[in-house]
Amino acid sequence: DVPESVLPCFHKEDYERVRRFFARVDSGKKQVTDEFLMNPVDGCAAYLRYTFTTVSDDAGAPLKAYAVAEDITALKREEAGFNETLESLLTANPDALCSFRTNLTQNECSEGHGASRYIQSMLRSDTVDQLFENILSIIPNPVQREKAAGFFSRKTLTAAFAGGKSSMQLDYQRAGESGRIVWVRSFVNMLKKPDTQDIIAVFYSLDV
């Protein structure tokens with residue numbers, strides 16, 4: 001009588017999701033995967049990832065399904081810690097001229113936020129590499145631009161992270177909205193995404 005017989009193992013609010021999960025298995029879908037927080041056993045709640053692989057008969061009808069349950073409780077705790085840290089980094093500096101969340105590994109850049117819409121517009125990009133090029137384009141001093149090029153580099157940052165450094169900063173001059181040259185201090189904080197191992201970096205700049 002599956003899934004009804006196994007529902008007590010799950011949280012009540014997940015009952016319908018469990019039923020839909022097994023309905024997909026019964027339909028003959030080749031592989032079905034989902035994650036569930038189970039009811040506590042001996043005081044410990046486990047987060048399990050279920051993967052069902054279906055085998056069909058000669059006529060193509062689903063015959064049986066092999067199931068694997070993987071305990072991902074530790075991973076979920078890491079993810080919760082990662083999300084909490086990331087949120088604190090994104091909200092810690094409301095006075096930042098701009099801030100960007102990036103994925104250094106995948107070369108992805110999310111939409112920026114900050115006090116200066118001009119700088120956000122100037123720097124906005126879908127990739128980290130283009131973001132760095134945009135930053136360098138508004139640094140007029142060639143010596144500072146060369147130094148910044150060494151800092152704003154995915155290769156440099158990932159190597160620094162691999163060496164145990166998760167936070168870095170750089171002071172330099174760049175052009176503002178009116179053409180006025182201002183000193184800014186750019187910070188980068190890096191952390192590893194638990195599920196993919198990608199290096200996520202949060203950049204923000206302050207007018208100093």
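Excluded from the calculations below are hydrogen atoms, water molecules and symmetry mates; all remaining heavy atoms, backbone and side chain alike, are included. All figures in this text were calculated on a predicted structure; none of them were measured in a lab.
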Residue [X] excluded, over 12 heavy atoms near [atom1] under 6.0 Å:
| X | atom1 | answer |
| --- | --- | --- |
| K147 | NZ | no |
| R19 | CZ | yes |
| D195 | CG | yes |
| Q169 | CD | yes |

Contacts of K12 that satisfy side-chain contact (heavy atoms from CB on, under 4.5 Å) - sequence neighbours left out: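 Once residues adjacent in sequence are excluded, the partners of K12 under the side-chain contact (heavy atoms from CB on, under 4.5 Å) criterion are Y15.
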Please tell me if the side chains of [X] and [Y] come closer than 4.5 Å, counting only heavy atoms from C-beta onward.
| X | Y | answer |
| --- | --- | --- |
| N141 | Y172 | no |
| K192 | F161 | yes |
| V128 | N103 | no |
| E133 | S125 | no |
| V32 | T54 | no |
| T105 | K193 | no |
| F151 | V188 | yes |

Using only atom types and a distance under 3.5 Å, with no angle test, would you say the side chain of [X] pairs donor to acceptor with the backbone of [Y]?
| X | Y | result |
| --- | --- | --- |
| R154 | L104 | yes |
| E16 | E13 | no |
| N189 | S167 | no |
| S205 | L97 | no |
| R49 | E70 | no |
| D1 | E4 | no |

Rounded distance [0.5 Å steps], [atom1] in [X] versus [atom2] in [Y]:
| X | Y | atom1 | atom2 | answer |
| --- | --- | --- | --- | --- |
| T102 | D126 | OG1 | CG | 13.0 Å |
| K165 | L157 | NZ | CG | 10.5 Å |
| K76 | L37 | NZ | CG | 9.5 Å |
| R20 | D34 | CZ | CG | 9.0 Å |
| L123 | F100 | CG | CZ | 5.0 Å |
| D14 | C9 | CG | SG | 12.5 Å |

Path from [X] to [Y] over hydrophobic side-chain contacts below 4.5 Å:
| X | Y | answer |
| --- | --- | --- |
| V2 | Y50 | yes |
| L170 | M168 | yes |
| V6 | F52 | yes |
| L48 | L75 | no |

Heavy-atom pair of closest approach, residues [X] and [Y]:
| X | Y | value |
| --- | --- | --- |
| A65 | V25 | CB-CG1, 3.9 Å |
| V184 | V208 | C-CG2, 3.8 Å |
| I135 | I139 | O-CG1, 3.4 Å |
| P8 | S5 | CD-O, 3.7 Å |
| P140 | Q173 | CD-O, 3.7 Å |
| I181 | A175 | CD1-CA, 3.9 Å |

By ring-ring contact (aromatic ring centres under 6.0 Å, His included) - contacts of F36 (at least two apart):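 With sequence neighbours excluded, F36 shows a ring-ring contact (aromatic ring centres under 6.0 Å, His included) to F10, F21, given in chain and number order.
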Residues which pass ring-ring contact (aromatic ring centres under 6.0 Å, His included) with F132, listed by chain and number, not counting sequence neighbours: F152, F203
Distance-only polar pair, side chains of D71 and T73, donor-acceptor under 3.5 Å: yes
Side-chain donor-acceptor contact under 3.5 Å, E79 with N83: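 E79 vs N83: no donor-acceptor pair found between side chains.
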Test log, rule side chain to side chain contact (heavy atoms under 4.5 Å, CB included), inputs E108 and T127: CA-CA 4 Å; E108 297 172 347; T127 69; over 6 Å; no
